[in-house]
Amino acid sequence: MSTRKDLIVQALTEPDTLEGLPATVWDLLVRQGRSTNLLARLAHLLTVCDRMKDVPREPRHHLLSALQLADRQDSALRWEVECIRKALLDTQADVILLKGAAYVMAGRAVASGRTFSDVDILVSKNKIHQAESELRVHGWQSSVQNEYDQRYYREWMHELPPMRHIRRGTTIDVHHTILPETAKIKVNTTALLKGAVPLDGHPSLFVLKPTDMFLHSATHLFHEGEFEKALRDLFDLDGLLREFGTADGFWQDLVPRAMELGLSRPLYYALRFTHQILGTQIPDHVLRDAEIGKPAAAIAGIMDACFLRALRPVHSSTKTCGNSLARFALYLRSHWVRMPFHLLAYHLGRKAFVKPPKPDQGAILAAIPASERDVA
Amino acid sequence: MKVSELSPHGIADLLAHGDLLVKLGPFVARIKSDVSTLAADLASIYDDFQVQPPGTFADFHVEVRRERGLRRWIKPQVRFFFDGRPSFIPLPATQAFPMLEWGLNWCVAAHCHQYLIFHAAVIEKGGLAVLMPAPPGSGKSTLCTGLVMRGWRLLSDELALYDMDSGLVHGMSRPINLKNESIAVIRKFAPQAVMTKPVADTTKGTVALMRPPAESVARVDEPAHPAWIVLPKYVAESKPEMRPYSKARTAMLLAEQSFNYDLQGLCGFNAIGDLVSKCECLQFTYNSLDDAERAFERLNKGHKE
Amino acid sequence: MILKESQPVCHYRRTGAIRYRMWADEEFAVVYSEMSGDTHLLDSFSLEVLNCLGMEPKTARKLEGELSSLIALEDQERLPSFVESSLLQLQSVDLVTATSL
């Protein structure tokens with residue numbers, strides 16, 4: 001495997017190397033940026049360091065269009081969060097925003113140039129059914145109709161089936177913990193919920209505190225198995241560390257908190273790969289302490305090989321047999337981590353034999369294809 | 001260099017390697033295909049278009065490829081790829097060229113937000129443009145084709161690219177999409193028109209693509225000043241009538257018929273407001289292309305007086 | 001004597017800032033909501049209701065008082081139902097929020 005940085009990674013970590021690039025390289029950069037959902041982030045970076053005017057006209061249009069989309073999604077997300085807040089007011093539940101919604105509402109730097117679609121929230125398990133009814137009353141409907149998938153979400157996963165708003169067409173994922181109860185890793189959800197901090201200016205809305213926000217994003221990346229957004233998620237982690245790293249006590253609290261929550265394994269991977277792939281600055285003592293989450297030597301080697309390949313941009317320019325195999329292996333692993341084996345076989349087996357309903361051709365042709373649709 | 005200057009073998013070869021770079025107005029597409037009928041259709045219908053040299057930045061990398069496996073031989077299908085990723089469902093191989101056209105429309109509409117993009121036909125005469133936004137099935141393509149065959153310049157039959165800063169509208173002068181009865185209507189109205197062989201059973205019915213006039217293609221880089229927004233309505237046996245239409249309703253229709261209005265936020269709202277303010281907003285009922293030709297001529301001349 | 005608890009009175013306010021365009025001799029306006037990013041086609045009376053409502057909540061009764069000059073004398077009787085139906089329409093598209101104070 002090449003040790004040379006992929007073009008999009010290089011552009012984002014060393015933007016001064018973009019000067020004087022030929023058209024063919026810009027061509028590849030725009031495509032890699034688009035396929036990794038990092039094009040808008042690059043556009044934001046170039047705007048902030050006043051380099052956008054030096055970008056040739058044709059690629060510049062694509063960068064600016066991507067940034068425009070991200071900015072619009074930021075506004076749409078704020079409105080959506082407001083609608084959700086109003087809908088859940090009567091439950092008197094503490095609504096914890098997760099991932100993209102949290103980054104935007106809490107004003108985190110990583111929100112800039114990031115695209116969003118679904119809103120993810122976390123409520124305590126005893127409030128979840130009430131939350132579901134209130135959402136229904138306010139126009140959300142379960143987007144999953146068949147019984148099997150309903151069960152998959154409710155019994156085996158850690159969330160309600162995604163709900164879609166009938167008028168706005170937006171989707172909300174309501175979680176009661178961050179990993180399925182059936183998972184191998186047991187998350188200390190009580191401690192996680194207790195640590196949530198209120199969102200300034202938004203009564204009844206909360207976000208996870210900095211260490212927990214980072215740990216949750218790390219868990220999502222290293223245990224979810226969807227690698228389309230892996231590099232983007234890795235840049236999120238890098239961005240969070242850059243921002244939180246300057247706050248008092250963050251580095252000291254990180255490893256102990258991970259242990260308290262049961263998330264030392266994803267912490268180990270998060271620190272290891274942000275440091276290796278993106279060159280994120282992490283204090284040596286933290287890297288050492290985080291080794292407590294390292295898996296057994298044999299597994300560590302395999303995981304390294306898998307993740308280093310899987311974290312490359314998913315694009316035809318980086319396609320090698322090894323990368324696809326690595327992603328597949330990690331997909332299997334993530335399901336293994338999320339579900340005990342017998343359930344996994346049933347789930348994957350059934351999925352393989354049930355053909356999805358035939359989509360309406362006209363609707364598909366008119367709509368954005370799934371490969372281009374963003375999933376948070 | 002134009003497509004017409006390449007030999008059929010040359011075109012097929014460039015397509016096979018994904019090295020055919022075609023200028024489409026403000027954009028460049030890198031096209032790849034292993035479908036021989038697509039190569040032939042492209043050679044015929046895109047013959048006046050400019051081919052760009054290797055090393056040019058391509059806005060879109062598109063491919064129409066034969067499906068593998070059994071589908072290669074039995075009821076062969078083709079699929080559209082955007083930058084190597086399969087997009088949309090596969091279609092019968094006979095629809096390869098229409099698939100390329102629909103795919104390119106999607107590429108522009110989904111990614112080019114430097115323009116406010118309307119689903120509308122745009123034609124121009126004497127420096128002034130008519131914008132014809134219309135939901136599918138309103139007969140705008142037939143009307144647009146008829147007028148283009150009678151001296152109006154074609155900017156687009158599907159995608160009006162509106163520059164909110166300059167207030168000018170741009171087009172790509174690409175092949176016109178004709179459906180069902182309009183194919184026969186145009187064949188009769190303009191026997192000299194060059195079209196692909198009609199392909200049946202698409203989601204839109206029977207489809208043929210018509211070569212845009214050479215002059216329209218040659219002038220593709222000239223934007224136009226929009227002066228009229230006309231909502232066409234084909235009504236059999238009606239008298240041709242051009243009536244004023246509510247500006248507020250026109251504005252709403254433009255917003256609904258736009259691919260990226262929502263993305264443009266307040267700028268888009270102001271742009272549409274300004275556009276309907278400066279244009280005459282009309283509804284046009286007609287029952288023949290000859291009537292339409294006369295009515296639009298009067299419109300154009302009326303503005304000059 | 002049993003004291004009847006008074007019902008909370010519904011107050012209405014605009015959900016957020018709006019922009020609108022209206023053309024001479026037309027009955028409809030296009031309205032843009034800065035909060036939701038949505039665009040709406042509204043009749044002129046509903047637009048007046050919206051303009052009348054600021055961010056300070058008002059009751060329907062107060063609105064009727066402020067809008068009565070817009071309605072012909074013979075239609076004054078129907079003013080409450082005009083206001084009610086406008087408020088319903090404006091709430092359904094999130095331009096107006098109802099609160100009980």
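In what follows, chains carry the letters A, B, and so on, assigned in the order in which the sequence lines appear, proteins first and then strands, with residues in each chain numbered from 1. Only heavy atoms go into these numbers, but all of them, side chains included; no hydrogens, no water, no symmetry mates.
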### Query
How far apart are the closest heavy atoms of Ala248(B) and Glu26(C), and which atoms are they?
N-OE1, 3.0 Å

### Query
In Å and rounded to the nearest 0.5 Å, what is the CG to CG distance from Leu253(B) to Leu41(C)?
10.5 Å

### Query
Above 12 or not: heavy atoms from other molecules or residues under 6.0 Å from CD of Glu66(C)?
yes

### Gap between atom CG of Leu266(B) and atom CZ of Arg19(C) - 0.5 Å precision
4.5 Å

### Query
Is the closest side-chain heavy-atom distance between Ser246(B) and Glu27(C) below 4.5 Å?
no

### Message
Is it the case that atom NZ in Lys58(C) sees more than 12 heavy atoms from other parts of the structure closer than 6.0 Å?
### Response
yes

### Task
Please round to the nearest 0.5 Å and tell me the distance separating atom CZ of Phe269(B) and atom CD1 of Ile18(C).
8.5 Å

#### Entry: Side chain to side chain, Asn270(B) and Tyr32(C), heavy atoms closer than 4.5 Å
no

### Query
Which heavy atom of Val30(C) sits nearest a heavy atom of Ala251(B), and at what distance?
CG1-CB, 4.0 Å

### Query
Is atom OH of Tyr20(C) surrounded by more than 12 heavy atoms (other residues, nucleotides or ligands) closer than 6.0 Å?
no

### Query
Is NZ or CZ of Arg249(B) both nearer than 6.0 Å to the six-membered ring centre of Phe28(C) and within 45° of the ring axis?
yes

